[in-house]
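To find a chain, count down the sequence lines: A is the first, B the second, and so on, and within it residues start at 1. The shown structure was predicted, so the numbers you read here are calculated from the model rather than taken from an experiment.
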Amino acid sequence: MSKYPFNEIEKKWQKHWEENETFKVKEDPSFPKEKRAYILDMFPYPSGAGLHVGHPEGYTATDIYCRYLRMKGINVLHPMGFDSFGLPAENYAIKTGTHPKVTTEKNINHFRKQIKSLGFSYDWSREVSTHSSEYYKWTQWIFLQLYKKGLAYEAETPINWCPDCLTGLANEEVKDGRCDRCGHQVERRNTRQWILKITDYADKLLEGLEDLDWSDSLKAMQRNWIGRSEGANVEFKLEKTDDSIEVYTTRPDTLFGATYMVLAPEHSLVEKITTADQKDAVEKYIRDASMKSDMERTELAKDKSGVFTGSYAINPVNGDKIPVWISDYVLTTYGTGAIMAVPAHDQRDWEFATKFKLPIIEVLKGGDITAEAFTGDGTHINSGFLDNMGKEEAIDYMINWLEERKLGTKTVNYKLRDWIFARQRYWGEPIPLVHCPSCGIVPVPEDQLPIALPEVDDFKPAGNGESPLAKVDEFVRCKCPECGEDAKRETITMPQWAGSCWYYLRYLDPKNENRFVSKEAEDYWMPVDLYVGGTEHAVLHLLYARFWHKILFDLGLVSHKEPFQRLVNQGMITAYAYQRKNKSLVPTDEVKEDDGNYTEIATGEKLEQVIAKMSKSLKNVENPDIMIDQYGADSFRMYEMFMGPFQVSKPWSTKGLSGVHRFLNRVWNVTTREMTDEKPPAELTKVLHKTIKKVSHDTDGLEFNTAIAQMMIFINEVFKHDKCYRELWEPFTLLIAPYAPHMGEEMWQMLGHSEIIAFEDWPAWIEELTLDDEKEVVLQINGKVRSKMIIAAGTSREELEKMAFENEKIISLTEGKNIIKVICVPDKLVNIVAK
RNA sequence: GCGAGCGUGGUGGAAUUGGUAGACACGCUGGUCUUAGGAACCAGUGCCUCCGGUGUAAGGGUUCGAGUCCCUUCGCUCGCACCA
């Protein structure tokens with residue numbers, strides 16, 4: 001068999017597409033709204049490591065889908081660009097002295113070349129990079145709009161600080177108390193920040209999710225992150241002073257069970273209310289707490305700690321005197337930083353009360369409060385006017401009661417915090433503001449944008465919480481745009497997420513020098529019809545971008561409330577790893593495989609094959625370049641789609657890749673056969689029409705794996721014949737073209753066409769031709785298959801039943817039995833219920 | 001702990017509304033061709049004691065019929081995590 005010359009073919013067509021700008025797209029008004037589609041990939045951060053196999057997975061899926069849509073007559077916008085600000089390039093600069101711009105652009109060129117080698121149909125004329133000043137001019141411009149709307153503020157607050165990246169982090173960037181980027185333990189640190197008021201948009205971000213075509217799990221993650229809860233703020237007067245403590249609770253109905261209060265150690269009233277004899281203990285506790293990292297606080301979660309302040313508060317519903325404690329299980333950042341403790345009905349309070357021997361009063365029946373807190377619904381007891389009410393009723397009643405007496409108010413709280421929008425680093429967009437001694441903070445006039453990053457030699461962060469820009473005198477020194485006096489430029493830069501908050505809008509009109517995007521282009525394409533990317537951005541990028549978009553919408557700058565109408569997460573590509581008995585993993589190159597058994601070379605220990613994330617340390621990272629070189633881009637693309645369902649994570653197997661490669665070789669092999677215009681055999685025509693139907697349906701639904709399986713079935717059938725029937729081969733070539741575009745073009749040309757295949761019409765199937773004339777019907781007795789028979793399709797129920805009882809096997813097995821019931825499903829089965 | 005999802009051959013995975021479990025592919029076995037094959041082609045391949053039985057994590061339920069629906073349990077993955 002001839003090996004197909006993928007290398008030659010792929011180069012040829014990539015060159016053709018590039019030279020002819022085949023996939024350049026215009027805002028052609030002759031396409032009505034429903035014949036336009038904006039298909040977007042999450043653009044990559046151009047790391048020095050280059051593309052890994054995960055990138056092409058999403059990109060291939062969208063490419064297939066775009067090519068399919070074009071063949072269906074849709075005007076498709078499919079751009080690509082680079083998220084090119086970020087710490088790795090800057091860290092590299094600190095180490096080597098190479099300017100991040102140099103490394104970044106070198107990496108971009110490498111990425112672009114790699115992406116192009118896969119034959120994707122991007123409109124490269126729209127490429128954007130977030131680090132270019134033409135781009136970040138508009139990032140800064142949008143920031144100014146936010147600032148002017150009062151959505152950005154400066155603050156000196158304790159934030160998550162990564163001691164390795166030497167910068168502050170947003171809450172979203174901290175995972176398990178560690179920096180999401182480098183894995184270092186995060187510290188608390190007071191630093192000057194710029195912060196965006198994302199909390200102002202909490203409700204809009206929540207409501208907006210409703211109508212989006214996103215997975216439930218992703219929506220759940222966002223809802224979870226926003227963390228809206230309804231409850232009440234309640235005021236507790238202190239016994240001895242005029243001060244009062246305000247608490248937030250979602251269970252005002254349990255107020256009669258509140259037996260003590262707890263303040264966060266950082267609460268502003270702590271100092272004031274601490275009595276003389278408790279002073280030493282309280283101060284020591286606060287000191288200890290402040291020295292603990294967030295991580296340590298969480299790790300000690302099970303073991304509650306705390307100190308009594310010496311003061312008492314008055315429970316507003318029954319006048320009881322209750323002690324006020326401090327404990328780090330109460331967070332200063334949530335609610336009011338203080339709680340009323342109801343140990344009978346809150347597990348944390350229960351643990352605390354048990355440890356410190358505080359009273360536990362049951363106010364809802366239904367649990368055993370001597371064993372644990374009862375948080376379910378039940379009937380109120382010991383609760384005065386709430387007695388005999390259920391949970392919901394009592395909550396409403398209590399809120400009314402409190403509001404009437406001005407003791408509390410219905411309140412909504414969010415877990416979502418404002419967005420720390422600041423990096424104390426060099427390689428990011430400078431924030432376009434000026435600090436003037438007399439005018440305060442003054443925005444840079446829009447006509448002075450962009451505020452360009454100055455050239456520097458020293459990229460090292462000051463480490464004192466200011467960015468390296470603070471050391472650049474000619475950058476910092478400026479005149480106040482308002483009064484003209486000496487002023488200082490803001491030196492904090494924007495976080496990496498800034499550029500990706502709006503890149504999908506810049507693609508629409510990337511060269512526009514007067515506006516971030518023209519009204520016409522925005523109106524022509526938005527919203528994004530399909531956005532594909534990894535789950536790792538579920539709350540970060542996707543929440544931030546939605547936030548910015550909603551602001552732009554409120555400013556009348558974009559036409560839709562939500563940017564990404566439909567969003568699909570690709571599954572992660574994992575890899576096999578090898579595990580010892582003690583669950584530790586062995587790098588792939590230290591493992592010997594023998595007939596499905598795996599042993600560790602060094603020790604001879606038997607290993608179990610497991611699935612793990614690809615990682616450098618396990619040496620199981622796959623390099624797409626090598627695969628493409630060896631098998632071709634078409635094989636590589638197709639294998640990534642064939643591995644399994646698009647949205648599900650699945651392990652990479654190079655053996656599987658060779659299977660797909662074998663398939664493409666077989667396809668090629670058919671083209672080398674005698675081409676004929678003869679009528680093909682009926683059974684082949686049938687397979688073709690079934691294939692068109694299945695491939696159309698599955699491509700439409702992003703079910704690429706089953707579409708490919710069907711094409712394999714088709715080829716397996718065709719392979720049994722000696723000839724290549726044009727009548728079959730033309731439609732099949734059209735079907736495979738989105739999947740293996742280079743081969744598709746080449747085969748189309750071989751069929752004698754002078755136009756390229758990319759914009760040909762997608763083939764249609766004839767329903768009648770997909771139907772089988774004969775069906776195999778199963779004969780069951782009591783649900784068990786006993787026999788089968790071939791019948792003409794569409795045979796009636798009566799006929800079917802009659803035929804079943806003529807079947808020898810059925811006759812012998814039903815002999816002497818009572819036939820209770822017969823179920824006939826035409827073209828499928830006959831089930832006889834007999835006793 | 002809370003939220004979401006998933007458990008199907010040796011492996012990746014297929015299975016419209018509940019209707020023949022295991023499509024397609026890898027691997028394996030046998031064969032053809034070949035100087036050779038880690039190429040290609042053809043055939044076979046869930047398991048068992050192979051007549052027949054059995055089988056979709058385990059147990060139970062609904063149904064004529066359950067991988068699919070319901071309940072319980074176990075296991076795995078992801079996200080959040082003292083959020084009051």
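- Residue A/Phe642 is classed as a base contact, given a heavy-atom separation below 4.0 Å to a base.
- Separation of the P atoms belonging to B/rG31 and B/rG37 is 13 Å when rounded to the nearest angstrom.
- A/Glu640 has no carboxylate O lying under 4.0 Å from a charged side-chain N of A/Arg637, or vice versa, which leaves the two without a salt bridge.
- Looking only at side-chain heavy atoms (C-beta outward), A/Thr249 and A/Val234 come within less than 4.5 Å of each other.
- Between A/Arg223 and the phosphate of B/rC2, there is no side-chain N or O to OP1/OP2 separation shorter than 4.0 Å.
- If you check every strand for non-hydrogen atoms under 4.0 Å, A/Thr706 touches sugar and phosphate atoms only.
- The same atom, C1', is picked in B/rC76 and in B/rC64; the two are 36 Å apart, to the nearest Å.
- When the nucleotides B/rA21, B/rG12, B/rC82 are ranked by their closest atom to the side chain of A/Val785, B/rA21 comes out on top.
- Aromatic ring centroids of A/Trp652 and A/Phe636 lie under 6.0 Å apart.
- In terms of phosphate contacts, A/Tyr248 brings no side-chain nitrogen or oxygen within less than 4.0 Å of OP1 or OP2 of B/rA84.
- Using a 4.0 Å heavy-atom distance criterion, A/Asn716 is classed as a sugar-phosphate-only contact.
- Separating the P atom of B/rA4 from that of B/rC51 is a span of 49 Å, rounded to the nearest Å.
- The partner of B/rG12 is B/rC24, by the rule that a Watson-Crick or G-U pair needs both atom distances under 3.5 Å.
- The phosphate of B/rA25 has neither OP1 nor OP2 within less than 4.0 Å of any side-chain N or O from A/Arg662.
- Base pairing annotation: B/rC47 forms a Watson-Crick or G-U wobble pair with B/rG53, both donor-acceptor distances under 3.5 Å.
- Residue A/Ile611 places its side chain closer to B/rG12 than to any other of B/rC42, B/rA15, B/rG12.
- The nucleotide whose nearest atom lies closest to any side-chain atom of A/Ala220 is, among B/rG3, B/rA25, B/rA84, B/rG3.
- Only the P atoms considered, B/rG59 is 15 Å distant from B/rG9, to the nearest whole Å.
- Among B/rG13, B/rA25, B/rA84, the nucleotide with an atom closest to any side-chain atom of A/Asn705 is B/rG13.
- Within 4.0 Å of A/Gly659, counting heavy atoms only, lie sugar-phosphate atoms of the nucleic acid but no base atom.
- A/Tyr334 and A/Tyr248 have perpendicular rings, their planes meeting at more than 60° on a 0 to 90° scale where under 30° would count as parallel.
- Under the Watson-Crick or G-U wobble criterion, with both distances below 3.5 Å, B/rA4 is paired with B/rU77.
- Residue-level contact check: A/Arg228 touches neither bases nor backbone, having no heavy atom under 4.0 Å from any strand.
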| remark: Going 5' to 3' through nucleotides 55-80 of chain B and flagging B where a protein heavy-atom sits under 4.0 Å of the base, S where only the sugar-phosphate is that close, and - otherwise, we get ---------BS-------------SS
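- Contact of the A/Val324 side chain with the A/Tyr260 side chain is not registered, since no non-hydrogen atoms from C-beta on lie closer than 4.5 Å.
- Of the P atoms belonging to B/rA43 and B/rG53, the separation is 30 Å, rounded to the nearest Å.
- Toward the 5' end of RNA chain B, the nearer of the two residues A/Gly656 and A/Arg786, judged by each one's closest nucleotide, is A/Gly656.
- When the C1' atom is used for both B/rA21 and B/rC47, the distance is 14 Å, rounded to whole Å.
- The nucleotide B/rA66 finds no pairing partner, because no Watson-Crick or G-U wobble arrangement with both distances shorter than 3.5 Å includes it.
- You'll find that the side chain of A/Ser229 is closest to B/rA84, out of B/rG19, B/rA84, B/rG13.
- By the 30° and 60° cut-offs, the orientation of the rings of A/Phe352 relative to A/Phe356 is tilted.
- Of the candidate nucleotides B/rG53, B/rG19, B/rA15, B/rG19 has the atom nearest to the side chain of A/Val825.
- Side chain of A/Lys415 to main chain of A/Arg228: no donor-acceptor pair is present (N/O by atom type, distance under 3.5 Å, no hydrogens or angles).
- Residues A/Phe732 and A/Phe714 bring their aromatic ring centres within 6.0 Å.
- Listed pair A/Lys784 / B/rU54 meets the phosphate criterion, a side-chain N or O lying under 4.0 Å from OP1 or OP2.
- A gap of 6 Å separates the C1' atoms of B/rA57 and B/rG7, to the nearest Å.
- Heavy atoms of A/Gln710 sit nowhere under 4.0 angstrom from any nucleic acid atom.
- For the C1' atoms, the distance from B/rC24 to B/rU45 is 15 Å, rounded to whole Å.
- When heavy atoms are screened at a 4.0 angstrom cut-off, A/Tyr576 is found touching the sugar-phosphate backbone but no base atom.
- Nearest to the side chain of A/Asp328, among B/rC26, B/rG19, B/rC82, sits B/rC82.
- Between A/Glu57 and A/Lys650 there is a salt bridge, since at least one side-chain N of the basic residue sits less than 4.0 Å from a carboxylate O of the acidic one.
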